[in-house]
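In what follows, a structure is listed as structure tokens, so that the remarks can point back to it.
This structure is a prediction, so every number in the text was calculated from the model and none was measured. We name chains A, B, ... by the order of the sequence lines, and we start the count at 1 in each one.
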Protein chains: 2
Amino acid sequence: MTSTATPGRGRPKVRPQALAGQAPAGREKPAEKEQRIYTAIVDRVMEQRLKPGTRLPEAALCELFGVGRTLVQKVLQRLAHDHIVELRPNRSAIVAMPSREEVGKLFEARRALEAAVLPLVAEHATRANYASLRRQLRQERDAMHRYAQTEWAGLASAFHLRLGELSRNPMLHRYLSEIISRCCLVVALFQPPGNATCEHHEHERVVACLEAGDVAGAQQENDRHLRELEAHIQLIEEDTDQSLADMLGLTDRS
Amino acid sequence: MTSTATPGRGRPKVRPQALAGQAPAGREKPAEKEQRIYTAIVDRVMEQRLKPGTRLPEAALCELFGVGRTLVQKVLQRLAHDHIVELRPNRSAIVAMPSREEVGKLFEARRALEAAVLPLVAEHATRANYASLRRQLRQERDAMHRYAQTEWAGLASAFHLRLGELSRNPMLHRYLSEIISRCCLVVALFQPPGNATCEHHEHERVVACLEAGDVAGAQQENDRHLRELEAHIQLIEEDTDQSLADMLGLTDRS
DNA sequence: CGGGGATTTCTTGTCGACAATTAAAGGTTT
DNA sequence: AAACCTTTAATTGTCGACAAGAAATCCCCG
């Protein structure tokens, strides 16, 4: 008999690992199921409860969410397409860990895309749109003053998302959404809690330029704003010796 | 017994429809399988052998390509993400048929994106890159003179794709590729064979501006070029009474 | 003769099962 | 003791099976 004390020959048998399932008992529409799993994973990544490099085996996700592998695979496909996870053939999916170069390209793309979007916003935006933008800015400021970091971070990116929406171009909106959520991911990765940049004045400046019809000015302000955000990221990244740990291969396994 | 002459009660039983399978007998790597199906469908759509609105039932595709439904579904997901097909819940997937408004937004996005890409191209491009661009332009001109329409169409979009590549930004490159292939789809849909615009001079002008360091000029030339292309599409669309046939529901079935 | 169900079939949504691949440890040989 | 091979488990790739939803036709009734 194979006792528990004697270590078997091959790969060690993993313990059943009773994972706490949180599947809502009530039946839900098929589309909602998929969305629920998707957002659950994205949220955990944003909260840093799922760190980059963490393995995401399909079976575990199946138990966690109480669904079959088909659905989990579909979600993983979507996550991989959005670069939230990395999908390797015949290997577990892992939470994506963007390299320094990728982060640079990411912000470059974001600057280019937002600059391309601003003229369309200026073209289509109405008074009501500007009013709602300003309302959003007030919320943002309040959250900052209340030191509600997670909420504030969400609102800050919501501003840029709203700009994408106001371009009235579904494709550009989608692309910008994709890039912004990846940026959020990066920020969440490298930003130690409690270390936030005070940026909401810059948002206000962009809106002011837009409302005054100064598109070029808005582009310039936004570009500078994004560069500042990126510089802050880089700085923090230098601070922690992330690269060293990475080189030693300590970030690979749990 | 249920004879073939008497029409049964419910929905008419469809004939097995012996479809000619073209599955390569030799085993292939899993990733290649998926790509083979994907490109096969895209190619058929581009050739207009699969017209918009054509239904794509999973079972038929399974027989055609000799694979299971899992793979077919994965491919359909990708195609839907690229807006090549439309995916409705509990209904057959159909080849996408972009509306007039979507086409407008599509070209708007393309103009914005290419304008955003050009500065990066000017920043990164080397002498050798410009040389290869010019080589491509010569091929393009030759193909046009030889009246090789399909080849020429491919080369014409290849020029824009190359610009995306030269931006050295993977994300922008991918987005531009997506949009360009959608534009190709639209062009293929509305462009009757043999009716091509003579555009390669405009490409040359863009390259000339870029090489001279005149980014704004290149953007302007490219913008005008794309607007001309779109205007040509619209014109043709007005010509054929596509909307009428659509309203009569004649475009639904083969 | 037209409209509302009933009925049948088609089609997708979802799941577990089996095969193939990869990783990780132990044992073995030099 | 270090490098290689063997064994074992974990994990994904792929498929058919079953259930549920939608569509098309016919039947019946007004």
Side-chain angles (χ1 to χ4, degrees), chain A residues 2-17 19 23 27-37 53-80 85-94 249 252-254, chain B residues 2-17 19 23 27-37 53-77 79-80 85-94 249 252-253:
Chain A
T2 57
S3 92
T4 55
T6 57
R9 264 239 284 206
R11 194 177 186 174
K13 190 179 298 189
V14 85
R15 208 63 58 84
Q17 256 202 60
L19 298 169
R27 231 189 351 215
E28 49 193 337
K29 287 214 162 57
E32 295 177 19
K33 250 184 186 171
E34 187 182 323
Q35 191 60 27
R36 189 187 96 228
I37 303 174
T54 305
R55 288 157 26 106
L56 297 173
E58 295 178 3
L61 299 176
C62 289
E63 279 194 50
L64 274 170
F65 294 103
V67 298
R69 290 206 312 145
T70 308
L71 271 189
V72 167
Q73 280 177 337
K74 229 180 342 182
V75 170
L76 286 177
Q77 292 278 345
R78 272 179 63 192
L79 288 168
V85 307
E86 203 173 324
L87 225 52
R88 300 114 34 136
N90 286 327
R91 309 275 306 271
S92 282
I94 60 175
D252 194 30
R253 201 71 58 253
S254 66
Chain B
T2 57
S3 92
T4 55
T6 57
R9 261 237 286 206
R11 195 177 185 172
K13 192 179 297 190
V14 86
R15 207 65 58 83
Q17 257 203 62
L19 299 168
R27 228 184 0 208
E28 49 192 338
K29 286 212 162 59
E32 295 177 20
K33 249 184 185 172
E34 188 183 322
Q35 192 60 28
R36 177 173 62 90
I37 304 174
T54 305
R55 286 157 26 103
L56 297 173
E58 295 178 3
L61 298 176
C62 290
E63 279 193 52
L64 274 170
F65 295 103
V67 298
R69 290 205 311 142
T70 307
L71 270 189
V72 167
Q73 280 176 338
K74 229 180 345 183
V75 171
L76 285 178
Q77 292 277 348
L79 288 168
V85 307
E86 201 173 325
L87 224 52
R88 303 116 66 189
N90 286 328
R91 307 275 307 270
S92 282
I94 61 174
D252 193 29
R253 201 73 60 258

Original post:
For the pair made of CD in A/Glu32 and P in C/dG13, what is the distance, rounded to whole Å?
Top reply: 15 Å
Original post:
When rounded to the nearest 0.5 angstrom, what distance separates CD1 in B/Ile37 from CG in B/Leu71?
Top reply: 5.5 Å
Subject >> Proximity to the side chain of B/Thr70 - top-ranked nucleotide from D/dA22, D/dC15, D/dG13 >> reply: D/dC15
**OP:** Find the distance between CZ (A/Arg69) and CG (A/Leu76) and round it off to the nearest 0.5 Å.
**Re:** 10.5 Å
Original post:
Nearest to the side chain of A/Arg91 - C/dT22, D/dA22, C/dC15?
Top reply: C/dT22
**OP:** Give B/Leu56 one of three labels, base, sugar-phosphate or nothing, depending on what nucleic acid heavy atoms sit under 4.0 Å from its own.
**Re:** sugar-phosphate
Original post:
How long is the line joining CD of A/Glu63 and C1' of C/dC15, in whole Å?
Top reply: 15 Å
Check: protein-nucleotides 17-19 of chain C nitrogen or oxygen pairs below 3.5 Å:
from   : atom 1 : to      : atom 2 : distance (Å)
C/dA17 : N6     : A/Arg69 : NH2    : 3.3

Original post:
Among the nucleotides D/dT11, D/dT14, C/dT14, which one has an atom lying closest to any side-chain atom of A/Arg55?
Top reply: D/dT11
Subject >> pair B/Phe65-B/Arg36: side-chain heavy atoms closer than 4.5 Å >> reply: yes
Original post:
Can you find a heavy atom in the side chain of B/Ile94 that is under 4.5 Å from one in the side chain of B/Arg88?
Top reply: yes
Original post:
How many angstroms lie between CD in B/Glu58 and OG1 in B/Thr70, if you round to the nearest 0.5 Å?
Top reply: 9.0 Å
Original post:
Atom CZ of B/Arg88 and atom C1' of C/dG13: how far apart are they, to the nearest Å?
Top reply: 16 Å
Subject >> Separation of atom CG in A/Leu71 from atom C1' in C/dG16, rounded to whole Å >> reply: 14 Å
**OP:** Check whether any side-chain nitrogen or oxygen of A/Ser92 sits under 4.0 Å from OP1 or OP2 of D/dT12, and answer yes or no.
**Re:** yes
**OP:** Please report, rounded to the nearest Å, how far the P atom of D/dG21 is from the CG atom of B/Asn90.
**Re:** 8 Å
Original post:
What is the distance from NZ of B/Lys33 to P of D/dG13, rounded to the nearest Å?
Top reply: 13 Å
Subject >> Whole angstrom value for the distance that separates C1' of D/dT11 from CG of A/Leu87 >> reply: 12 Å
Original post:
Expressed in angstrom and rounded to an integer, what is the separation of A/Glu58 atom CD from D/dT11 atom C1'?
Top reply: 8 Å
Original post:
If you round to the nearest 0.5 Å, how far is CD of B/Gln77 from CZ of A/Arg78?
Top reply: 9.0 Å
**OP:** Could you please name the option among D/dT14, C/dT14, C/dT21 that lies closest to any side-chain atom of B/Lys74?
**Re:** D/dT14
